[in-house]
Amino acid sequence: MLPGEEELLSKYVLTLYVTGTSPRTRTAIENLNRICAQELDGRYELEIVDVLEHPQRAEDERILATPTLIKQLPPPLRRVIGDLSDKEKVLLGLEVRSAAPSPSRPEAK
Amino acid sequence: MKTDNHRAVEKLRTGISSLDIIAKGGLPKKRTTLISGTAGSGKTVFAVQFLAAGIANGEPGVFVTFEESAADIRANMRSFGWDLAKWEEEGKLAFVDASPDPNVETVEAGAFDLGALLARVDNAVKKVKATRVSVDSLGAVFSQFSDQTMVRGELFRIATGLKAMGVTAVLTAERTDDHGPVARFGVEEFIADNVMILRNVLEAESRRRTIEILKFRGCDHQKGEFPFTIVPNGGVIVIPLSAMQLSMRSSSVRISSGNKDLDDMCGGGFFRDSVTLVSGATGTGKTLTVTQFLQGGATNGERCLLLAFEESRDQLIRNANGWGFDFEKMERDGMLRVVCDYPDLSGLEDWLVTIQQIITEFKPQRVALDSLSALENVGTLKAFREFVIGLTSFIKHHEITGMFTATTGSLMGGDSITESNISTLTDSIILLRYVEMFGEMKRGLTVLKMRGSGHDKAIREFTISKGGMQVGRPFRNTTGIIGGAPMQVSPSDVERVWTQYDKAIERRRPESIPGS
């Protein structure tokens, strides 16, 4: 395996669907940024979609709830809904094995 | 906004004509109406029909499905003659498919709302310029998410959102019991402004569908349950009994019963939009009376419809031939249509709709049904009465002359369930009776009732031969025929009674008519 290939394969492609700029939207974005920084260490691409501006994208993806986080890559496709305040569930949903396993202190900085 | 307070709630004609009658003009406009019912009560059909009727009227619609996939609904609704895919192509219909996707695993991690759903509905409404929205069903939203409190709150938000979009919406909801709480989760009825209930009750081994408007906020509607049926190429058809009775007219034009003697007994024939009940035991000549009635119509250039539930087509034609009537020729000439079927094939509501469709299509001037008694056991007594009321008012409304037959249970005298239940609904009653005389069965006939006309009060003997019914003299020396126990009276006794009767009348005359 060439160096860099592993990195490419394990790169996370994420889309976060939100409704407008509500407090819940902000919470979700903050939570996601923190989790990504802690666990994904730069190995991710994140797009944020406001369903009020792009309702057709929500239609195409058949999204009901906001916020909804979709992991397109790596497979399998996964969805996590909610403001992502439960880090353990987010990691479970994204099938990310924590880089530094510390389940007892999920919110520690 | 000020004027809104003074204006009454407007109604939207749904285009489901029978529903508009019981809803007194339609569903409240720009409001939400909950349709609640048990599994199989017809909620989804109703929800789609609401849109289909709108599209037929140039009002586009949006269908939000939480339960079945859009593809399934498209396929299922084809049998009703609704081509949803075509309407989608033409931009008259849009789906918001919110059914669960079994391929996607979803994890809940924190608080969320259904903002995306509302944005999608809003998008779809704008896209096709929809004025109608159907949501099917609210209960299925609860099963997609674990946080029930959130779902409750969000459903309120969606209902509010729909009103803000200015659309008239139908929301369906499940209930577990036909006579229990309005809906399963106990909140659905508070989400919508109006509530309608669809029932599908098992009564006497048959299903009976009814629709009830439970509440219309701020406007009027008819109360109580109305039977309805779901038919292919039509969907939900409500049978609005009370509305039918109001629209009846009355004609004074006389038409022939097909038998000169019977016409004379009826004071010159039947009225054109009247319904006659012919009641008698088996073999007394009911089918003959019907056959004459149809022949009389055909001779007069009137189209006739025979609904036969007792005998097969071949039997009817053979019997008619025996009396000298040629049904096959009448059919060839387009003057007669014979519809033969087993009464148990479908429910009474379905029969009513089927018969109405045949009448609308064939446009007969005369309709005969032989016999009502065969339909008696298809449903409950209530359903039977509704059927007769529905049919009677329908044919009167179309100025059709009707003749129904009823079979009495006992050979001599007696009445039938049919007779005792519907005699008030018919205009005329003709009784056919066996009369036992000196070891011989004779047939007797009397006109018991003839609304709006004088008629012969005698019980007359009649014979059946080739050429039909020959009415003869009254049974002057016999009493107790109708009671089923004929008794011979000596001619002198009869003479004495009649003489006394005449004298009594003569004695009263100077008082009542002074000067004569």
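Throughout, a chain's letter reflects where its sequence line sits, starting with A, and its residues are numbered from 1. Bear in mind the structure is a predicted one, so any value in this text is a computation, not a measurement.
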Identify which of [options] forms the greatest number of heavy-atom pairs closer than 4.5 Å to chain B.
options                            : result
A:Leu64, A:Leu52, A:Val51          : A:Leu64
A:Pro76, A:Ala65, A:Gly93, A:Pro67 : A:Ala65
A:Ile63, A:Val18, A:Val80          : A:Ile63

- Query: Given B:Phe190 and B:Phe156, is the ring-ring contact (aromatic ring centres under 6.0 Å, His included) satisfied, shown in steps?
  - Reply: CA-CA 9 Å; B:Phe190 302 108; B:Phe156 275 105; 8.0 Å; no
- Task: Give, as side chain, backbone, both or neither, the part of A:Thr19 having an atom under 4.5 angstrom from any heavy atom of chain B.
- Result: side chain
- Give, as side chain, backbone, both or neither, the part of A:Arg24 having an atom under 4.5 angstrom from any heavy atom of chain B. side chain
- B:Val96 versus chain A, heavy atoms under 4.5 Å apart: side chain, backbone, both or neither? both
- Message: Less than 4.5 Å to any heavy atom of chain A: does that hold for the side chain of B:Phe95, its backbone, both, or neither?
- Response: backbone
- Note on the structure: salt bridge (Lys or Arg N to Asp or Glu O under 4.0 Å) filter on A:Glu30, not counting sequence neighbours, yields none
- Message: Using a 4.5 angstrom heavy-atom cutoff, name the option from B:Asp122, B:Leu118, B:Leu114 with the most pairs to chain A.
- Response: B:Leu114
- Comparing B:Gly115, B:Ala98, B:Ala111, B:Gly110 against chain A, the one with the most heavy-atom pairs below 4.5 Å turns out to be B:Ala111
- Item | Charged tip of B:Arg132 within 45° of B:Phe50 ring normal and under 6.0 Å | yes
- Item | Donor-acceptor side-chain pairing of A:Arg62 and B:Ser99 below 3.5 angstrom | yes
- Go through the side-chain N and O atoms of B:Thr38 and B:Asp178 and say whether any donor and acceptor fall under 3.5 Å apart. yes
- Message: Quick test of your reading of the model: are B:Arg157 and B:Glu154 salt-bridged, counting only N-O distances below 4.0 Å?
- Response: yes
